[in-house]
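Have a look at the structure below before the remarks.
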Amino acid sequence: GKNDYDLLVIGGGSGGLACAKEAAQFGRKVAVLDYVEPSPQGTKWGLGGTCVNVGCIPKKLMHQSALLGSALKDAPHYGWNIAQPVHHTWSVMAQAVQNYVKSLNWGHRVQLQDKKVKYFNMKGSFSDPHTICGLTKAGKEIFVTAENIVIATGGRPKYPTHIAGALEYGITSDDLFWLKESPGKTPLVYYSFISHLYEIIVHISLTDASQDVSLECAGFLTGIGLDTTVMMRSIPLRGFDQQMAFLVTEHMESYGTKFLKRCFPTKVEQLESKRLQVTWKNTDLGTEETESFDTVMWAVGRAPDTETLNLEAVGVKTNSETGKIIVDASEATSVPHIYAVGDITEGRPELTPTAIAAGKLLAQRLFGQSSELMDYDNVPTTVFTPLEYGCVGLSEEAAVQCYGSDNIEVYHAYYKPLEFTVAERDATQCYMKMVCLREREQRILGLHFIGPNAGEVIQGFALGIKCGATYPQLMKTIGIHPTCAEEITKLHITKRSGLDATVTGC
Amino acid sequence: QEAAKYEKKVMVLDFVTPTPLGNSWGLGGTCVNVGCIPKKLMHQAALLGQALQDSRKFGWQFTEEVQHNWMTMTESVQNYIGSLNWGYRVALREKKVTYENAYGEFVGPHTVKATNRRGVEKLYTAERFLIATGERPRYLGIPGDKEYCISSDDLFSLPYCPGKTLVVGASYVALECAGFLAGLGLDVTVMVRSILLRGFDQDMANKIGEYMEEHGINFIREFVPIKVEQIEEGTPGRLKVVAKSTTGNQIIEGEYNTVLLAIGRDACTRKIGLDKVGVKINEKTGKIPVNDEEQTNVPYIYAVGDILEDKLELTPVAIQAGRLLAQRLYAGATSKCDYVNVPTTVFTPLEYGVCGYSEETAVEKFGEENIEVYHSHFWPLEWTVPSRDNNKCYAKIICNIQDNERVIGFHVLGPNAGEVTQGFAAAIKCGLTKEQLDSTLGIHPVCAEV
């Protein structure tokens, strides 16, 4: 054809790379443009997108560091003699994580090469409907044409620019994972997690769509021994089941994270000592307070960088409020041959697996004679807070709203993971619930689980729900003993009954 | 407990015949006292040992020398078990189930004799009986076995560190014990007569064995012990084991502090007077055949759990069968225990979760051309930073091509295999097909998304 490429993908993240590689499988000429605009603090990274560089991957690894800290506390109960004190060194962890991420960047480059996908480390924008202008770091411009274009540029953390000092002195998740030094200076961390020298405040606002990332960050920062405070204006984990959200934050509080609820910051100033002074309003008490911290991290939501894409020039419609690209069920934008996948699309979950699946299916529809559309229903997810929360399907509130509380049954249980017993760990927030339709078949609408390895637990059940699993079917499934997941197959106390839902014994 | 809910007059007789070395325990059965519970806790202790090593790579610093104290662990575990024993006593009392710590045996129709520890005998009659006496570890029948060897019945409450241990057997009990003992820092050898994990998918069994070998556990294959002698008394002492090859005349000797026998379990059905009431058992195995309602050949006598012939020896199966039986007898229910697609997990150092057919059994039943096996190695994210094995974790699903590529077998080798497998078992119960599996999104980043 007259175009340079059959498919051009702007954005080398989860969605973009999946789409490009899948298209290449069909023997198509494919190119990917990926470029990372440095954060206000100057942080940047390689190929792979948010997930690989500043999202899921480093997050889970740092979460693992925190979990290992807990393991170090459990170990003596199980007979391991570990001499006190135990220290955590940020730079050792950060370097290990960063090295791994860099190996993934490299891996992606190699994969693209193997699959004969052309890679441009350039910032893409539309020149005309079939032409993309690629800008290198040095300012050189090239023009590339393509028959089909997929926009998969994702999002970046927002800054609350209306707050004085926010941009100058605050960091975001973009920066946190790449810090060479501890956000709390040179750490000397003790088991009891008390260290007033290294304080961090993480602020979450009410519009935060990536709140889970912020609670996750606050969680692991606490776990590695840093004094961490979370400030939030209203509710945590908006959009998630609120009972579960409450249990998650309640656990974090007992774990050592401080919360400043119903507060919002008004300014950030730098003190002579280089520490940051944050001033905020407490809406409950109507007071204004200040405190100083080493680091202020903003987690107030993510937004796509659609301005620099020059979408208006080609007529791709976006949501005026969010800036996200409007797509239909086939990932098509308002311009027929231009598509979008991943975090940049309006109304989609901001998750890696959905971006990957959508990207792959799109490529299959464009070049592989497939007509399969992406199913965004019943997408399972997990929040990797110190006590993890995994879920699939509807929250209890959503189910009530959809079907009416008389038509749903909620089975629930408080349980104690076996491993917590000998370790003398508090299992107060270890809880699960299953929301089902009340009518005869009792189809499962939603499953929620808080506990260790929540992601591992929920994954298989998500599959079951995809198959239309019903409560009776789950009850017929025999449990694996001893695990936490088996408790799901034993759920039998309903909320309606008002009975004590604590699991007792075998 | 279930029967008591329906206002029936229920009695439970529980008695633990001490092990050859004199060990005994409280109410709760094998799982609670000498099975699943202590096993998983000690497995956890071993996993924590590994976590300690990993944690250094994640930035945690502490002294190089980390030692494990067997007594501290065992005491914690035993305390927890004690709380469970107590919990069961309380639960039975609350549910008004009469409990007697006495050895029960049939003496005539509808009549059982209960003998307590002091030898006092009492007779009880009942409308119906449920036999759930489970099993006990088998001994080799060689000189020195009962005098000097221990079994899983003794291991979990051993009042001293077992030291250099020889585990005889290749059952999951053998491999799990060998696994955690090695994880705690002990020198462990496993003596295997023929294959590992008989009855399990052999491809997976071999991977488990390989992993254990690569992580410092010695395997002596195709040998059986013929004699155990004591070199020195002590806690632990020193034992000499003489073994003979199964394929030739070769004889080898080895010295160990402890010899743990894990060669199988025998049903406790020979000395409970079953002949007096005419309950048929399999003479060879001692197991009791029952119909699909857990009824023996004697209409008023039922059986559940490990003693059943051709059924899985698992706690959840026993619990489910027991509960449903009581509901059928006293609550007018009709549900029978579903023994198909029962998931299980072997808690070896690299855990193995499985539900459904092994590859061999699937091939045998459906024919090689009618099944498709999808498989993949994976590298858990948590293993990357500490540079742990990158090609050992593995998952495979076996599909029946003729039935819409229905998933008939699920196998996963990796951390938290039990947690991963449970949900998949539920999905398999719902008739999961490969297509549905493909179209379900993964949670990222977890092992289960593979």
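Chain letters run A, B, ... following the sequence lines, proteins first, then strands; residues in each count from 1. Values in this document were obtained by computation on a predicted structure and should not be read as measured data. Side chains are part of it too, since the values below use all heavy atoms of this structure and drop only hydrogens, waters and symmetry mates.
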Should B:E419 and A:Q459 be marked as a side chain to side chain contact (heavy atoms under 4.5 Å, CB included) after you check the CA-CA gap, both sets of side-chain angles, and the distance that decides it?
CA-CA 9 Å; B:E419 307 293 0; A:Q459 184 67 84; over 6 Å; no

Does a donor on one side chain and an acceptor on the other come within less than 3.5 Å for B:N416 and A:N453?
yes

Measure distances from B:K429 to the heavy atoms of chain A and classify the residue's part below 4.5 Å as side chain, backbone, both or neither.
both

Partner of A:I478 by side chain to side chain contact (heavy atoms under 4.5 Å, CB included), out of B:I319, B:T344, B:V317, B:D338:
B:V317

Rounded to the nearest 0.5 angstrom, the SG-CD1 distance for B:C430 and A:I465 is 9.0 Å

For B:R89, does the CZ atom sit with more than 12 other heavy atoms under 6.0 Å from it, leaving out its own atoms?
no

Among B:C337, B:S335, B:G59, which residue forms the greatest number of heavy-atom pairs with chain A at distances under 4.5 Å?
B:G59

Is there side-chain contact between B:W60 and A:T89, with heavy atoms separated by less than 4.5 Å?
no

How long is the span from the OG1 atom in B:T345 to the CD atom in A:E486, to the nearest 0.5 Å?
10.0 Å

Does A:K360 have more than 12 heavy atoms from other residues, nucleotides or ligands lying within 6.0 Å of its NZ?
no

Pairing donors with acceptors under 3.5 angstrom, does anything connect the side chains of B:Q422 and A:T489?
no

Please check if the number of heavy atoms outside B:Q61 that lie under 6.0 Å from its CD is greater than 12.
yes

Around atom NZ of B:K311, are there more than 12 heavy atoms from other residues, nucleotides or ligands closer than 6.0 Å?
yes

Reported NE2-to-CZ distance for the pair A:H88 and B:R56, which is rounded to 0.5 angstrom:
13.0 Å

So A:I480 and B:P316, do their side chains get closer than 4.5 Å, heavy atoms only?
no

A:L463 and B:A427: which non-hydrogen atoms are nearest, and at how many Å?
CB-CB, 3.8 Å

Are side-chain heavy atoms of B:V66 and A:N81 found at a separation under 4.5 Å?
no

Give, for atom NZ of A:K73 and atom CG of B:L48, the distance between the pair rounded to the nearest 0.5 Å.
14.0 Å

Less than 4.5 Å to any heavy atom of chain A: does that hold for the side chain of B:L184, its backbone, both, or neither?
both

What distance separates B:L47 CG from A:Y78 OH, expressed to the nearest 0.5 Å?
9.5 Å

Structural part of B:Q436 lying under 4.5 Å from a heavy atom of chain A:
both

If you look only at distance, which donor and acceptor atoms sit under 3.5 Å apart when one is on a side chain in residues 61-68 of chain A and the other is two or more places apart or in another chain?
residue	atom	partner	partner atom	Å
A:H63	ND1	A:F384	O	3.1
A:H63	NE2	A:E388	OE2	2.6
A:S65	OG	A:L61	O	3.4

Do A:I82 and B:L52 have side chains that approach each other closer than 4.5 Å (heavy atoms only, starting at C-beta)?
yes

Indicate yes or no: at least one non-hydrogen side-chain atom of B:T72 is less than 4.5 angstrom from one of A:W80.
no

Interatomic distance, B:C36 atom SG to A:H481 atom NE2 [nearest 0.5 angstrom]:
4.0 Å

Counting heavy-atom pairs under 4.5 angstrom with chain A, the leader among B:M42, B:M73, B:E75 is B:M73

Winner by heavy-atom pair count (cut-off under 4.5 Å) against chain A, out of B:P343, B:A51, B:A91, B:G28:
B:P343

Contact winner vs chain B - A:G79, A:G464, A:S14, heavy-atom pairs under 4.5 Å:
A:G79

Report yes if some heavy atom in the side chain of B:Y80 is under 4.5 Å from a heavy atom in the side chain of A:L418; otherwise report no.
yes

Just wondering, do B:K57 and A:M93 contact through their side chains at under 4.5 Å, heavy atoms?
no

Which portion of B:C355 sits near chain A, non-hydrogen atoms under 4.5 angstrom
neither

All heavy atoms of A:L474 vs all of B:A426, minimum pair found to be CD1-CB, 3.5 Å

